[in-house]
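Right, one structure below, let's go through it.
So you know, we letter chains A, B, ... as the sequences are listed, proteins then strands, and number each from 1.
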Amino acid sequence: MLHPDRLFPADPATRALARELYAAVAGQGIVSPHGHTDPRWWGENAAFANPAELLVIPDHYVVRMLISQGVPYEALGIGAGAEADPRAIWRTFAEHYHLFRGTPSRLWFDHALSEVFGLTERLSAANADAQYDVIAGHLADPAYRPRALYDRFGIEVIATTDSALDDLAWHRMAQESGWTGRVVPTYRPDAVIDPEAEGFAQNLDRLAEITGCDTGDWQGYLDAHRARRAFFRSMGATATDHGHATAQTAKLAEGEAARLFGRVRAGNASAADAELFRAQMLTEMAKMSVEDGLVMQLHPGSFRSHSPDVLARYGRDRGFDIPVPISFTAALKPLLDVVGMDPRMRLILFTLDETTYARELAPLAGAYPALRLGPPWWFNDSFEGIRRFRELATETAGFLNTVGFNDDTRALCSIPARHDVSRRVDSAFLAELVISHRLDEAEAFELAPLLAGGLARDGYRL
Amino acid sequence: MLHPDRLFPADPATRALARELYAAVAGQGIVSPHGHTDPRWWGENAAFANPAELLVIPDHYVVRMLISQGVPYEALGIGAGAEADPRAIWRTFAEHYHLFRGTPSRLWFDHALSEVFGLTERLSAANADAQYDVIAGHLADPAYRPRALYDRFGIEVIATTDSALDDLAWHRMAQESGWTGRVVPTYRPDAVIDPEAEGFAQNLDRLAEITGCDTGDWQGYLDAHRARRAFFRSMGATATDHGHATAQTAKLAEGEAARLFGRVRAGNASAADAELFRAQMLTEMAKMSVEDGLVMQLHPGSFRSHSPDVLARYGRDRGFDIPVPISFTAALKPLLDVVGMDPRMRLILFTLDETTYARELAPLAGAYPALRLGPPWWFNDSFEGIRRFRELATETAGFLNTVGFNDDTRALCSIPARHDVSRRVDSAFLAELVISHRLDEAEAFELAPLLAGGLARDGYRL
Amino acid sequence: MLHPDRLFPADPATRALARELYAAVAGQGIVSPHGHTDPRWWGENAAFANPAELLVIPDHYVVRMLISQGVPYEALGIGAGAEADPRAIWRTFAEHYHLFRGTPSRLWFDHALSEVFGLTERLSAANADAQYDVIAGHLADPAYRPRALYDRFGIEVIATTDSALDDLAWHRMAQESGWTGRVVPTYRPDAVIDPEAEGFAQNLDRLAEITGCDTGDWQGYLDAHRARRAFFRSMGATATDHGHATAQTAKLAEGEAARLFGRVRAGNASAADAELFRAQMLTEMAKMSVEDGLVMQLHPGSFRSHSPDVLARYGRDRGFDIPVPISFTAALKPLLDVVGMDPRMRLILFTLDETTYARELAPLAGAYPALRLGPPWWFNDSFEGIRRFRELATETAGFLNTVGFNDDTRALCSIPARHDVSRRVDSAFLAELVISHRLDEAEAFELAPLLAGGLARDGYRL
C-alpha cells in the first residue's frame, strides 16, 4: 500500500537523491511543537474505544469530504439520533474511501492503516469489516495505548493546545506518573481575549477566580494573563497560540486601552471595539512574550463555523471552517512597531491564504528578527501545499526563518504519516535544488535534519 | 503540426503513462454542458460564410491579442468602415500568427486547421492565401455544416447560453427537424436580474408579456422566472447561468425583498440597491433550483467592457473584459445558509481569480453538499491553467467535487481542440499522481473517463 | 562554484535543449533599461573603496537577511557608532553566508565572486579574510573601475533612475568624457508628485527655480514637468518611472485638478487629496508620454520603510519595504480611458503581488495596445519568480507583450549574474514548451534572443 518512493520526483537522478536525503532523516525523532491531541490521553493512558471514535468521527478532514458528497452527519455518528454502532460508521467511511483519491487524508490513512495497524490492503467496502476487526483487536492491546504509541512513533516532545482557563490536570497527571514522555501545554487565551467568544464575561469571571486578579480592571486583567502564562510555563509550555479571524494588531495608548477594556468588560463592545480589543491584545501578548520568553503563534484567516445550520446541529470543528483572504503587512505593523526588532521576541506566523507567502510573509520574516514562518497550515499541509510553501517562501526568507514542520492534529495515528509526508516533500525540494545546482549536495544533507525537526526545536525554544 | 505527445510530461515514464491514460479517453464522446455556440447554427444548419467570419472575427481571444499589438479593429472587420474582404482579414491574422506562441489560441488553432480542415502546415503570411482557399472550399461542402461537424466532433450533448427572454426558436427548429443531435438551452437571466443591465425596465415589460405574470410585483416577477425556467426545462435545459460582477448573495426577509424590488422596478435603485438586488436574486434562483432541479452556475469576477472607447466603437465581447480580485467565503454565505446543505441543490462555481481555488473554493466544495467546482474558466482554460486548477483544488476537494471540463466557447471548430487539451492535461496530472505513488494506476484509469466527461454529465444532470 | 548546467531542468532531454538555447544567448550584450547604479560611478569612474562598501552595505537583500537572523545593523557598518572596519563587516557577512542557501542572493554572489573576482571557493568564515584580500586587491586595479566593468560585462546600454530635480551632472560628465558607454537617465518625479514625500513643498520651489515655471499654478507645474522631461530626453532618457504605493489613477476635469493642486500646493491636502493627486498625476504623466514618447513605468505595491524604528535609526532602503496586496483592473481604468488605446503610448507595469499576473496584468496587456508587462520585480526576480511569471503571464499575454529582463539593481557586480539567471530560466521555460510540443524548436531559438534583450530594447525604445 505504501511505495517506498512515494512523493519523490519523477526524474530518476532527482529521485535517487531525494531518496538518500529522506533516508538520512526518516528515523529522526518527531518534534511536534503545535498540535491538538487530547491531554487526557497522555494523563490517563486509557485504551481507545473503537476504530470509528479514534479514526473517523473526530477527523474533520474526513467528515467534511463525506458530507460534501451527501453523506449525512448522522451516518457518521454525529448529531441527535446518530448512528451509534461504530462498525456501521466505519463501513460508511470505507464505502466512500475513494473520495479521498488525490488528497492528503488518503496518504495519512493509508500510512496509519499500514504502519500503525499492520494492514496490507487499501480500505474498501469489501474489506471494511475485516479491517475493523483488526484495528479493534489492536486497540484492546496495551501496545496501542497513547503512551505506547508516543514511544513507537518516536515522538520526542509534543505540545497540546489548551484554554487559558484549563487546570492542566491531565498534563500534571502525565508528568507525575513517572512516564518519560514530554507533553507540554500551549497557552491559548482566545476565550478570554475575544469579546465575541461564547461566555466571554463568565470566562473573565473564572479567570479572576483562578488567578486572584481583578479582571474588572485593565491592569488586573493583564496580570491575570501573566499569572496564567507563568502557570503554563511551570507546566512546560514554551509557546502561546492565537486563533484570530484577522491579523489585525493595535498599539493603543495606555488610557485608551483601559477604556476599551472597560467597554468590553461591561458587555458594551461594538463589533469595531471587539476587533480593536483583539488587535490590542495581540500586542499585549507580544509584550508579555518579550518578558517571559513564550514563543507566540498567530493563526489568522479562518471563517469558523461558516454554516449556522451545521453549527447548531453538529457543533464546532465539523469541517465548515473556510479560509478568507488575508493580509499581514499593514495589520501586523502596530505589533511590530513595538516588538518587531526586539531580539527576545519570537512570533511565528501561519496563513491559510497562500498569496501571502511570497508577497508578505517571506519579506516580513526575511527582515524582522522577531518573526519566523510557520509551516503550511490545515488545507495546505499536503504534498502540493508544502511544495508551494518552499517554492514561494524560500527565495526571500531562506530556510532559517522557518520553523520546520508541525502536524497540528488531533488524529494521533496520523502523526507519523504527516511528518513523513513533510520529510519526503522537503527531501524532494532539496534534491531539486541540488540537481539544478542551486545548492550543493553537502548543504542539502545539512539542511534536511533541520527541516525535519531541528528548526522546530529551535524555533519553539523546546 | 500536431505532435501526438503534446502537453505530456517530459519525464519518459510519466509521459508513457500519460499517453496510455489519454489513449483511454481520446475517443470518448464530447459532453459540452456550458458553451456559447449560436443556436441558429443548429436550427438552420446553414453553411458558414467564410474563414474570417467563422474563425477570426468572433474569437475575442484572437482579436484582443492583435489589438494589443497595434492592429486596428477595422483591419479585423470590426467597426464602422471596417475591412470587408474576409481574405484580407485572414491575411492580417496570418501575418500576426506568431503572436500566439505559447498561448492556448495557438494550440486550438493548430488543432482546428489540422484536424478540422486537413491542413499540414502552420499558418503564416506565406501560406495565408492558400490556406484561406482550402478552408473556404471546405465551408462550401455540406460536411462542414454545423450538424455534420457536431457528428464528426463526436459531440453527445451541447448546451447553449440563452437570454431569459429568448423564444428558443432555433432550439425548437433543431429539435423538430428530426436531427438526432442534442442541443439544450441554458437559462441566463442576467438581463432581467441586473438593474444596471441595458434596457432593464423594457426587459421586465417583455418578461411580463411572455409569461402573463405581473412583473410590477415581487411575487409576479418571481413567478415569471418560474414560468421561463419551466419553459427552458421543457426545451431540454438542465442548468441556469449567472454572470454577476461579484459573488455577493443576500437573504432578505420577504417584505424587505419586495420593497427592494419596488425601488428597482421603479428605476429608483441606487448602486447599492442594484448590488443587493443581484445578490438577493442569486438566492431566489437557488431556491427555484431546489424546486425545479436546474443546476445553477455562477460566473463572477469579470469587469466587462473595461474600455468605454472599445465598447462604444466596437461593442461587447471584443477582448476587453478584465478579471478583478474576488472572494466567495463571505459573499456566498447568505445563499448557502438557505440552500447549502440541501441535497437537492447543485451550484457550480467558476472563478477568474485563481487565488480562490485552494483558499476558498476547494474548502467550500469540500464541505457543502450543494457545491461543485466548475473547470478553469476563460483565461485559465489552458495548459498551465488546468494544471494549476488540479494542483490547487484536488487535495482539498478531491476529484468528485469537480464537474469535468466545459469548453465555454462560441468557436465551434475549437471544441474538439479544447476538450483534447483538457484530456491531455488531466492525463498528465493523473500520470504524475501515479508516478509519485499518490494514486494507483488502476485508480487513474477509473478517474480519466470521469474527468473527460462522466463528471460533466453527472454534475449537470445531463 | 558555478555549474554550467545550473537552473536547467532535471529531465535530460529538456536540459539538453535548455543548454543549447542558453548557449545561443549567453554572449549577447546586456541591455539594462531599468536600474539603480550610481551615475557618479559612470561620471567619475573612480575605484570602489573596499569589498564591504561595494558588495555588502548597500545591498538591501543581503542586509535584511542578516538583520532577520539577529545581526545588528551596526555590525554591517550601518547607523551611529557602526563598525568602521570593512574587513570586520565582510567577516560578519561571510559568517552568515549560509543563510542565503536557496535564495537568489546566493546565486548572484557566487556568480560575482567567481566571474568578476576570479574566486573558486564559496565564501565562508574560514576564507573570509583571504577572499577579502583578493577582492580588495582587484578593486585597486583600473580593470575594476566602473567603466571597465561596464565593458567587461558586455553592457550595451544602462539606465539609471534619477530625481526630477537632478542636474544629471554625472551623466553629462560621462557623456562628455569621450567614453563610448551608453548610460541614460530615467525621469523619476515621485518627490515632486507625492504630496506626502519629504520636503514636497521645497521640492516644488526647487522645481520652479530649475525650470523657470510657476509651480504655484497647475499649468505652470505641468509645464515644469514638461521642461524637465525635455531635459532628461536631451540627456538620453527614454523612460519615466513612478513608484507609487498603489496603482490608482484618476481623470479629473481640468478645473477640479487645478483646485486639487491648489490644496496640495498650499500644504492643505488631506490623505485622500494626496492619493487623488498622485492618481491624477499618473494620468498627466501618461498624457505627456503620448506627447514626448517617453516610456512610462509604474512600480506600485510596496509599503516603504515598514519599521519606523529602522527608518529613524538606519534610513531608507534597509530591507524593510514590504509588499501589500494590489489590484490594477479598476485602479488603472481612468488612465487607460485616456491613453490606453493610443498607439503612441507605452506603459510598462510591474507588480510585487504575483496574483495579478494571470488575473489582471496579462489580460490587460493582452488587450490594451498601450500596455506591456515588466519582468518579475524585486522579491520575484529569482529562479522561481521568473518561472512563475512566464507560466502565469504567457498564455494570456504571449511573449511580445513583455519587455524582456531588467536587473533593477544598484549592485553593479550582480548585473551579469542577474541577466544570466534570467536567460537560464527563460531558456529552461522555452525548452519545456518545445519538449511538451507547445512550441517548435526553431521558434524557441527565435524567441530566446528577444527575451534576452531584444524586447527590452524595443520595449524601452532604446
Side-chain angles (χ1 to χ4, degrees), chain B residues 1-12 15 60-61 63-65 67-72 98-107 122 301-303 306-310 313 318-326 351-355 378-385 387-388 424 428, chain C residues 9-15 17 325-330 332-333 336-338 340-343 353-372 390-401 429-433 435-440 443-444 446-447:
Chain B
M1 188 154 41
L2 299 181
H3 194 284
D5 282 344
R6 65 192 180 280
L7 308 187
F8 291 158
D11 173 68
R15 178 167 289 199
H60 56 78
Y61 292 80
V63 166
R64 68 165 179 75
M65 180 64 92
I67 298 302
S68 81
Q69 285 282 315
V71 176
H98 65 282
L99 296 178
F100 297 96
R101 288 171 179 171
T103 73
S105 292
R106 154 75 174 264
L107 289 174
R122 177 161 299 126
S302 177
F303 191 129
H306 192 265
S307 165
D309 190 28
V310 170
R313 295 172 61 192
R318 293 305 189 194
F320 280 75
D321 300 337
I322 311 290
V324 292
I326 197 166
T351 193
L352 293 170
D353 182 346
E354 293 176 301
T355 69
W378 203 330
F379 299 104
N380 305 320
D381 172 12
S382 62
F383 174 85
E384 304 282 0
R387 193 165 70 169
R388 281 196 296 271
R424 286 174 179 273
Chain C
D11 174 67
T14 318
R15 177 167 289 199
L17 180 55
I326 198 166
S327 179
F328 291 88
T329 304
L332 280 186
K333 191 172 154 40
L336 291 172
D337 285 355
V338 178
M341 302 302 292
D342 194 312
D353 181 346
E354 294 176 299
T355 69
T356 60
Y357 284 153
R359 187 181 61 212
E360 305 178 37
L361 292 179
L364 284 165
Y368 282 99
L371 296 181
R372 293 289 185 276
R390 292 290 178 209
E391 288 177 357
L392 287 160
T394 307
E395 292 185 322
T396 292
F399 289 104
L400 299 194
N401 283 310
F429 182 70
L430 291 171
E432 281 164 13
L433 291 182
I435 295 294
S436 60
H437 306 286
R438 286 180 277 165
L439 202 65
D440 290 347
E443 295 177 303
E446 240 181 277
L447 286 165

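By the ring pair (Phe, Tyr, Trp, His ring centres under 6.0 Å) test, F429(C) is found to be paired with no residue, residues two or more places apart in sequence or in another chain being considered. Under the salt bridge (Lys or Arg N to Asp or Glu O under 4.0 Å) criterion, R424(B) pairs with D420(B), not counting sequence neighbours.
The candidate from L336(C), T14(C), L371(C), L392(C) with the greatest count of non-hydrogen atom pairs under 4.5 Å with chain B is L392(C). For the set R372(C), E443(C), E360(C), the count of heavy-atom pairs under 4.5 angstrom toward chain B peaks at E443(C).
Under the 4.5 Å side-chain criterion, counting only non-hydrogen atoms from C-beta, D11(C) is in contact with P12(B). Side-chain contact between L400(C) and R101(B) is absent, with no heavy-atom pair separated by less than 4.5 Å. The closest side-chain heavy-atom distance from M341(C) to R313(B) is not below 4.5 Å. Between E391(C) and R387(B), some side-chain heavy-atom pair lies under the 4.5 Å cut-off. Side-chain contact between R64(B) and T396(C) is present, with heavy atoms from C-beta onward closer than 4.5 Å. Taking the side chain as every heavy atom from C-beta outward, L364(C) and H306(B) approach each other to under 4.5 Å.
When all heavy atoms of F399(C) and G102(B) are compared, the pair lying nearest together is CE1-CA, 4.4 Å. Among all heavy-atom pairs drawn from A365(C) and S68(B), the shortest one is O-CB, 3.4 Å. Looking at every heavy atom in both residues, E395(C) comes nearest to T103(B) through O-CB, 3.3 Å.
Shown are V324(B), N380(B), T355(B), L352(B); of these, the side chain to side chain contact (heavy atoms under 4.5 Å, CB included) with R359(C) is made only by T355(B).
Judged by distance alone, with hydrogens and angles left aside, the side-chain atoms of E354(B) form no donor-acceptor pair with the main-chain N or O of A358(C) at under 3.5 Å.
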